[in-house]
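The structure appears right after this line, and notes come after that.
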Amino acid sequence: MSLAVDNGLWAPDQEARSGIRAAKILSSLGVIEIATSARNVCSLWGKICKDPLMWRTIHICNFNPLPCSTAEKIQKFCRYAIDQSRGHLEEFQIAFLGTNAILKYLANSTSQLTRLGLILCEDITDEGLFFVVDKCPQLVELDIYLCDNCLYSLEAVGQLCSNLTTLKFQGIVNESSMADVIAFAIAKTMPNLRHLEIFVNKLTNDGLLAILNGCQHLESLDLRGCVNLNLTASLSKRCSEQVKDLRLPHCLMLESCYYDDLDDLVAWRLGV
């Protein structure tokens with residue numbers, strides 16, 4: 001920060017103060033607002049918007065299905081936003097419009113990614129997710145929300161991302177055997193997990209026990225909507241004694257940072 005003498009006292013330069021205020025305002029905006037409007041407000045804002053550190057967090061979430069032409073524009077914007085970070089990108093989240101190509105572009109553009117969120121991205125498969133975790137093994141948080149085509153990657157995620165402490169797997173797995181396979185993979189490869197969310201799938205007691213045995217450092221565990229669980233008195237006691245912040249299947253409060261109408265979404269996915 002530059003300083004100037006004002007009546008014999010050292011005080012922050014006016015331009016520096018303006019820059020600090022502008023940076024605070026811009027940091028509260030989303031990347032789309034920064035790229036399409038904020039950078040055009042004035043030269044100072046435009047200069048700040050070019051700073052790669054303004055692009056360390058990129059969230060591109062639109063929950064309304066979009067025409068193909070608009071989706072293509074959004075995906076082009078993803079690449080633009082990733083480029084603006086110049087390798088400083090730490091957190092990336094995308095809804096609906098994520099593709100393997102976007103994930104590969106992301107993974108090839110940053111070595112600092114620590115948080116990844118994929119929400120309702122039908123076009124993302126195991127290939128794309130594996131590419132990211134192979135390139136970015138420093139991930140500490142992964143959120144996979146109803147991305148049905150990348151279920152088999154979780155074991156690779158655990159094997160490659162030894163620092164992973166938070167996994168939010170919010171999706172409906174229609175087969176109990178598959179739900180338990182995922183649970184066994186988590187238990188086997190993610191011993192350092194502190195926070196685990198398995199929201200609305202057909203996990204059974206076998207899968208839950210495997211997780212409790214394999215992830216002994218869990219501080220929070222969200223099992224809401226896992227209606228196949230039969231929590232006996234002993235299993236309930238084990239959960240409550242081992243995990244400080246515990247949400248059981250019957251505590252389906254339908255609260256989500258992604259969907260206001262999560263009850264309708266769950267009903268649709270369950271076919272009821």
Side-chain angles (χ1 to χ4, degrees), residues 93 95 115-121 124 126 129 133 139-159 161 163-232 235-259 262-263 265-272:
Q93 185 180 95
R115 291 176 173 82
L116 177 64
L118 308 174
I119 307 164
L120 284 158
C121 296
I124 289 179
D126 291 304
L129 184 56
V133 298
L139 276 180
V140 297
E141 181 173 335
L142 176 63
D143 189 348
I144 303 177
Y145 184 84
L146 294 179
C147 299
D148 295 340
N149 297 318
C150 56
L151 303 180
Y152 293 98
S153 304
L154 286 179
E155 184 167 357
V157 170
Q159 291 171 340
C161 302
N163 294 323
L164 194 73
T165 58
T166 300
L167 175 64
K168 297 180 181 180
F169 180 71
Q170 302 180 346
I172 297 170
V173 179
N174 292 321
E175 298 294 333
S176 295
S177 58
M178 181 60 195
D180 282 345
V181 166
I182 292 172
F184 297 150
I186 292 171
K188 177 182 177 182
T189 64
M190 303 180 187
N192 295 320
L193 277 184
R194 297 310 194 263
H195 309 284
L196 176 60
E197 183 173 308
I198 304 180
F199 189 79
V200 189
N201 71 34
K202 294 191 175 181
L203 178 73
T204 72
N205 286 18
D206 290 339
L208 176 56
L209 281 169
I211 288 171
L212 293 174
N213 290 330
C215 306
Q216 298 191 13
H217 301 292
L218 280 178
E219 298 172 10
S220 66
L221 176 61
D222 191 340
L223 300 169
R224 289 176 296 164
C226 296
V227 294
N228 272 19
L229 288 172
N230 178 23
L231 294 178
T232 61
L235 183 54
S236 295
K237 182 181 179 182
R238 167 82 184 275
C239 289
S240 60
E241 288 179 346
Q242 183 171 335
V243 183
K244 180 171 62 175
D245 182 6
L246 178 65
R247 295 188 178 189
L248 298 175
H250 62 272
C251 299
L252 187 57
M253 299 175 65
L254 298 175
E255 58 187 39
S256 172
C257 59
Y258 304 128
Y259 254 89
L262 189 56
D263 49 350
L265 175 64
V266 170
W268 168 67
R269 293 285 293 183
L270 288 172
V272 299

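Heavy atoms only: backbone and side chains are in, while hydrogens, waters and symmetry mates are out.
Taking CG of Asp222 as the reference point, atom CG of Leu196 lies at 8.5 Å (rounded to 0.5 Å). The distance from atom CG of Leu118 to atom OH of Tyr145, rounded to the nearest 0.5 Å, is 13.5 Å. Between Lys244 atom NZ and Arg194 atom CZ the span is 11.5 Å, to the nearest 0.5 Å. The distance from the CD1 atom of Ile119 to the CG atom of Leu146 is 10.0 Å, given to the nearest 0.5 Å. Here the CG-CG distance, from Leu235 to Leu248, works out to 9.5 Å after rounding to the nearest 0.5 Å.
Using a 4.5 Å heavy-atom cutoff, the side chains of Pro249 and Val227 are not in contact. At a threshold of 4.5 Å between non-hydrogen side-chain atoms, the residues Leu142 and Cys161 do not count as touching. A 4.5 Å side-chain heavy-atom check between Ile211 and Leu218 finds at least one atom pair inside the cut-off. You'll find the side chain of Phe169 stays beyond 4.5 Å of the side chain of Asp143, heavy atoms only. Residues His195 and Leu221 are not in side-chain contact: their nearest non-hydrogen atoms beyond the backbone lie 4.5 Å or more apart. Side-chain contact between Val157 and Thr189 is absent, with no heavy-atom pair separated by less than 4.5 Å. Side-chain contact between Thr166 and Leu193: absent, with no pair of heavy atoms (C-beta onward) separated by less than 4.5 Å. The shortest side-chain heavy-atom distance between Leu167 and Ile198 does not fall under the 4.5 Å cut-off.
Between Cys150 and Leu129, the shortest heavy-atom distance links the atoms O-CD2, 4.1 Å. Residues Leu208 and Leu231 share a closest heavy-atom pair of CD2-CD2, 3.7 Å. Here the shortest heavy-atom pairing between Cys226 and Val200 reads SG-N, 4.2 Å. Nearest heavy atom pair, residue Gln242 against residue Gln216, reads NE2-CA, 3.6 Å. Of all heavy-atom pairs between Gly207 and Phe184, the closest is CA-CE2, 3.9 Å. The two residues Ala95 and Cys121 make their nearest non-hydrogen contact at C-SG, 4.1 Å.
When the side-chain hydrogen bond (donor to acceptor under 3.5 Å, both in side chains) test is applied to Ser240, no partner is found at least two apart in sequence or on another chain. Residues passing the side-chain hydrogen bond (donor to acceptor under 3.5 Å, both in side chains) test with Asn149, sequence neighbours excluded: none. For Arg115, the salt bridge (charged side-chain N to carboxylate O under 4.0 Å, His left out) test picks out Glu141, with sequence neighbours left out. With sequence neighbours left out, Ala185 forms a side-chain contact (heavy atoms from CB on, under 4.5 Å) with Glu155. For His217, the side-chain hydrogen bond (donor to acceptor under 3.5 Å, both in side chains) criterion is met by no residue, not counting sequence neighbours. In this structure Asn163 satisfies the side-chain hydrogen bond (donor to acceptor under 3.5 Å, both in side chains) test with no other residue, sequence neighbours excluded.
Remark: the backbone N or O of Leu203 is not paired with any side-chain donor or acceptor of Asp180 at under 3.5 angstrom. Under a 3.5 Å cut-off, the side chain of Arg247 and the backbone N or O of Asp245 do not form any donor-acceptor pair.
No hydrogens or angles considered: a donor-acceptor pair under 3.5 Å links the side chains of Ser153 and Asp126.
Atom OH of Tyr152 is surrounded by 12 or fewer heavy atoms from other residues, nucleotides or ligands within 6.0 Å.
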Problem set entry | CA sep, side-chain torsions, deciding dist, call: Cys239, Leu212, side-chain contact (heavy atoms from CB on, under 4.5 Å) | CA-CA 8 Å; Cys239 289; Leu212 293 174; 3.8 Å; yes
